[in-house]
Structure formats: C-alpha cells, structure tokens
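Everything below concerns the one structure shown next.
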Amino acid sequence: MRVLLTGAAGFIGSQVADLLAAEGHEVVGLDALLPQAHGGELPGWVRRHDPVIGDVRDPELLDRLLSGVDAVCHQAAMVGHGLDPSDAPGYASHNDYGTAVLLAAMHRAGVSRLVLASSMVVYGEGRYECARHGVVRPAPRRAADLAAGRYDPTCPDCSGTLTPTLVPEDAPLEPRSTYAATKLAQEHLAAAWARQTGGGVWALRYHNVYGPRMPRDTPYAGVASIFRSALADGRPPRVYEDGRQRRDFVHVTDVARANLLALASPAPDAFVPVNVCSGEPHTVGDLAEALARAMGGPEPEVVGGARAADVRHVVADPGRARELLGYAARVRFVDGVTAFATDPLREPAALAV
C-alpha cells in the first residue's frame with residue numbers, strides 16, 4: 001500500500017512511518033517542521049523515510065504527492081495547550097484550513113481512504129453519572145470552587161457528587177480550548193468529505209500520548225514531557241489541582257499500531273470515530289510520581305489551581321477500537337513511564353516571544 005503520511009517527522013507520525021515501512025508499505029512522507037515541535041533539522045530517526053519538507057496547505061504539492069496513493073494518514077497538526085488565544089489563527093490555519101486543502105486534493109486525486117489523527121480533547125469533560133439523575137453533562141467548574149480546592153464537577157440538576165465513567169465515542173462533544181475546537185472542526189470537515197465523496201474515515205481520538213520523540217521544553221509539549229524536563233533540572237514536577245484528575249496515558253507505539261490497524265482494515269462506509277487509549281486509567285499525580293521514581297528525582301509538588309481550558313476527568317471506553325480494529329494497548333503504564341525517563345526526546349526550535 002502506498003500511503004501519504006502527513007506530519008511524518010513528528011512525535012506520532014515518525015512512529016507510524018516506522019511501522020508502515022516495517023510492514024512493507026510505501027511511505028510518502030510530508031512535514032512542515034513547525035518550530036513548535038521540531039528543532040531546525042530533520043530528526044535522525046525519520047531521515048531514512050526521506051520525507052518531503054513542505055506544507056499540507058500547498059495544493060500543488062499535494063497534487064504531486066497524491067499520485068498513486070492508496071490512502072492518507074493525516075497526522076500533521078499544531079498541537080498542545082498553547083500559549084493563549086493569540087494562537088488561534090495558527091491552530092485554525094494549520095489544523096482546519098490544512099485539512100480542507102488536503103481533503104480537496106484527495107478528491108481531485110480520487111483517494112477515498114483517510115485515517116485522521118483526532119483527540120480526546122473533542123469531548124471536553126468526560127462522562128459522569130449522578131446517583132439521582134443518571135448520565136449528565138456536569139455543571140461548569142466555577143472559578144470560586146477551583147480557588148477553594150473543589151475540583152470535581154457537580155450535577156447540573158441537584159449539585160450532587162458525580163461519578164466519572166468511561167467515555168464512549170457517541171458522547172457529547174464540547175471542546176474547551178482553541179486546539180480542541182480545531183480538532184473537532186477537522187472531524188466535521190472529514191465527515192462532510194466522506195458524505196460528499198463516498199470516502200471512508202477512521203478518526204482516531206488519541207488520549208494522552210507519551211513516549212520517545214516527544215518535543216521538550218515548549219509550551220506546546222505534553223504533560224509527560226513537561227514533568228520530565230522539570231525532573232531533569234532537579235525540580236519537582238508541578239501538578240495542578242490536587243493531582244487526582246484522571247486520564248488515560250497511552251504509549252506512542254500503541255498509537256502508531258492503531259494507525260497501522262486502521263490503514264489495514266477495510267475502510268468504513270463513512271466517518272467513524274474511535275478512541276485510542278490504554279484502557280488503564282491513572283491520575284496525573286500517578287504519572288508525576290511514577291516518573292519521579294524512575295528518574296530518582298524530587299517528589300511532585302501539588303500546586304492547586306487550574307488552567308482555564310482544563311477538564312477534570314477524561315477516561316476512554318476502549319471497546320470500539322477492540323471491536324472494529326482489533327486494537328488493544330500492549331505497553332503497561334509503569335513499564336512505559338519507566339522507559340520514558342530515558343527515552344530520546346525532540347529538541348524544539350526557539351520560539352519567538
């Protein structure tokens with residue numbers, strides 16, 4: 001199979017490229033080397049794939065690269081929590097306009113199979129149950145509650161305590177950040193393209209991905225990378241809220257394998273979202289503590305507070321990925337985090353301030 005892989009030099013994309021090549025597929029790599037994630041040069045681990053350095057927003061380039069392609073694996077994106085709303089034009093341009101340009105080029109080339117890198121951030125808060133009212137969307141977390149250390153959301157009907165449960169793919173979608181809004185827009189664009197063209201889309205909603213090749217020391221980096229950088233400098237990892245917020249930390253090699261399975265599976269009839277997770281939920285505090293132990297560093301510092309776009313609990317239901325793609329994570333949390341203590345990371349380019 002000949003696959004156009006966007007974001008081929010990235011944290012996840014480079015791992016997908018390795019797996020595709022190992023399985024005998026032909027990788028047509030494309031990457032813009034955005035400074036938010038990359039140093040100034042092509043990382044050594046992706047050079048053997050000889051990716052094209054270029055922009056997914058360039059329609060003429062896409063027309064050339066899509067010749068003879070059987071499927072597209074779209075990993076390219078501007079990712080992470082970012083700085084503030086001033087990032088919005090960049091997120092919208094790279095993530096949404098870039099996806100629109102790619103989908104239009106796929107239509108021109110007659111390519112009808114797409115694997116889209118989406119994210120758990122499209123859900124906003126996770127799924128909750130109230131003892132009195134069943135499954136509810138939680139009331140917004142108020143600034144006064146966060147300041148007082150009351151972090152768990154409450155029932156919008158009775159203000160009672162909620163129990164977090166697994167989030168299925170048909171849960172309501174409520175993005176809380178600019179990045180999240182652009183990831184949901186990518187899904188909508190891909191779904192519209194599928195309906196209009198008869199194409200098939202697997203939208204892989206990644207949960208908290210960590211592992212080798214993560215970018216480091218940048219405001220766009222993931223929490224595992226931020227914790228590791230602090231520990232490497234002899235500082236305790238700073239954990240927001242009370243450290244008990246639950247997530248699903250999934251190793252990048254498992255995420256790459258989910259992409260391979262999606263590409264190898266029959267294309268769906270239209271647009272199908274799929275959670276890609278470990279199925280082994282842990283708290284952010286668990287991550288900080290496990291990484292501190294692995295690195296022999298200081299104990300985490302729980303600092304309270306919360307960022308405006310943060311949510312409390314998001315833990316995925318892995319059932320659909322298992323049923324439709326035959327996917328189940330292989331890397332256990334302790335093993336993956338212990339290895340992450342010494343995994344190679346990516347040096348970012350200097351960002352303008």
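By convention here, the first residue in the shown sequence is residue 1.
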Rounded to the nearest 0.5 Å, how far apart are [atom1] of [X] and [atom2] of [Y]?
{"X": "Glu169", "Y": "Asp317", "atom1": "CD", "atom2": "CG", "result": "6.5 Å"}
{"X": "Asp217", "Y": "Ile226", "atom1": "CG", "atom2": "CD1", "result": "9.5 Å"}
{"X": "Thr99", "Y": "Met106", "atom1": "OG1", "atom2": "CE", "result": "10.5 Å"}
{"X": "Cys277", "Y": "Leu166", "atom1": "SG", "atom2": "CG", "result": "8.5 Å"}
{"X": "Asp254", "Y": "Asn259", "atom1": "CG", "atom2": "CG", "result": "11.5 Å"}
{"X": "Leu184", "Y": "Tyr179", "atom1": "CG", "atom2": "OH", "result": "12.0 Å"}

Would you find more than 12 non-hydrogen atoms of other residues, nucleotides or ligands less than 6.0 Å from [X] atom [atom1]?
{"X": "Asp269", "atom1": "CG", "answer": "no"}
{"X": "Arg108", "atom1": "CZ", "answer": "yes"}
{"X": "Arg244", "atom1": "CZ", "answer": "no"}

Are [X] and [Y] close enough for a salt bridge, meaning some N to O gap below 4.0 Å?
{"X": "Arg257", "Y": "Glu23", "answer": "no"}
{"X": "Glu187", "Y": "Arg205", "answer": "yes"}
{"X": "Asp145", "Y": "Arg142", "answer": "yes"}
{"X": "Asp242", "Y": "Arg312", "answer": "yes"}

**OP:** Check whether any side-chain heavy atom of Val72 lies under 4.5 Å from a side-chain heavy atom of Leu66, and answer yes or no.
**Re:**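 Result yes, sub-4.5 Å side-chain heavy-atom pair found.
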Original post:
How about Leu325 and Leu204: do any of their side-chain heavy atoms sit closer than 4.5 Å?
Top reply: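 A side-chain contact under 4.5 Å exists here.
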Show the nearest heavy-atom pair for residues [X] and [Y], with the distance to one decimal.
{"X": "Trp193", "Y": "Thr197", "answer": "O-OG1, 2.7 Å"}
{"X": "Val167", "Y": "Gly126", "answer": "CG2-CA, 3.6 Å"}
{"X": "Pro212", "Y": "Asp343", "answer": "CD-OD2, 3.2 Å"}
{"X": "Val56", "Y": "Val101", "answer": "O-CG1, 3.6 Å"}

Does the side chain of [X] come under 3.5 Å of the side chain of [Y] through a donor N or O and an acceptor N or O?
{"X": "Asn275", "Y": "Tyr123", "result": "yes"}
{"X": "Asp248", "Y": "Tyr206", "result": "no"}
{"X": "Thr283", "Y": "Asp286", "result": "yes"}

Original post:
Do you know which of Phe333, Tyr210, Phe340 makes ring-ring contact (aromatic ring centres under 6.0 Å, His included) with His251?
Top reply: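 It is Tyr210, the one option of Phe333, Tyr210, Phe340 that forms the ring-ring contact (aromatic ring centres under 6.0 Å, His included) with His251.
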**OP:** Test side-chain contact (heavy atoms from CB on, under 4.5 Å) on Glu301 and Val239 and set out the steps.
**Re:** CA-CA 6 Å; Glu301 179 183 351; Val239 181; over 6 Å; no
**OP:** With sequence neighbours excluded, give me every ring-ring contact (aromatic ring centres under 6.0 Å, His included) pair touching residues 143-162.
**Re:**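 Every pair satisfying ring-ring contact (aromatic ring centres under 6.0 Å, His included) with a residue in residues 143-162: there are none.
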Check: residues 1-22 side-chain donor-acceptor pairs under 3.5 Å, at least two apart:
residue, atom, partner, partner atom, Å
Arg2, NE, Ser67, O, 3.2
Arg2, NH1, Glu26, OE1, 3.3
Arg2, NH1, Glu26, OE2, 2.3
Thr6, OG1, His74, ND1, 2.7
Thr6, OG1, Gln75, N, 3.0
Thr6, OG1, Ala76, N, 3.0
Ser14, OG, Gly10, O, 2.7
Ser14, OG, Arg213, NH1, 3.0
Asp18, OD1, Arg48, NH2, 3.3
Asp18, OD1, His49, NE2, 2.7
Asp18, OD2, Arg213, NH1, 3.1
Asp18, OD2, Arg213, NH2, 2.9

Original post:
What's the verdict on salt bridge (charged side-chain N to carboxylate O under 4.0 Å, His left out) for Arg150 and Glu241, showing C-alpha distance, side-chain angles and the deciding distance?
Top reply: CA-CA 9 Å; Arg150 295 186 293 269; Glu241 302 186 16; over 6 Å; no
Output a table of donor-acceptor pairs, distance under 3.5 Å, between side-chain atoms of residues 127-134 and any protein atom two or more places apart or on a different chain; print 'none' if there are none.
residue, atom, partner, partner atom, Å
Tyr128, OH, Glu125, OE1, 2.6
Tyr128, OH, His313, N, 3.2

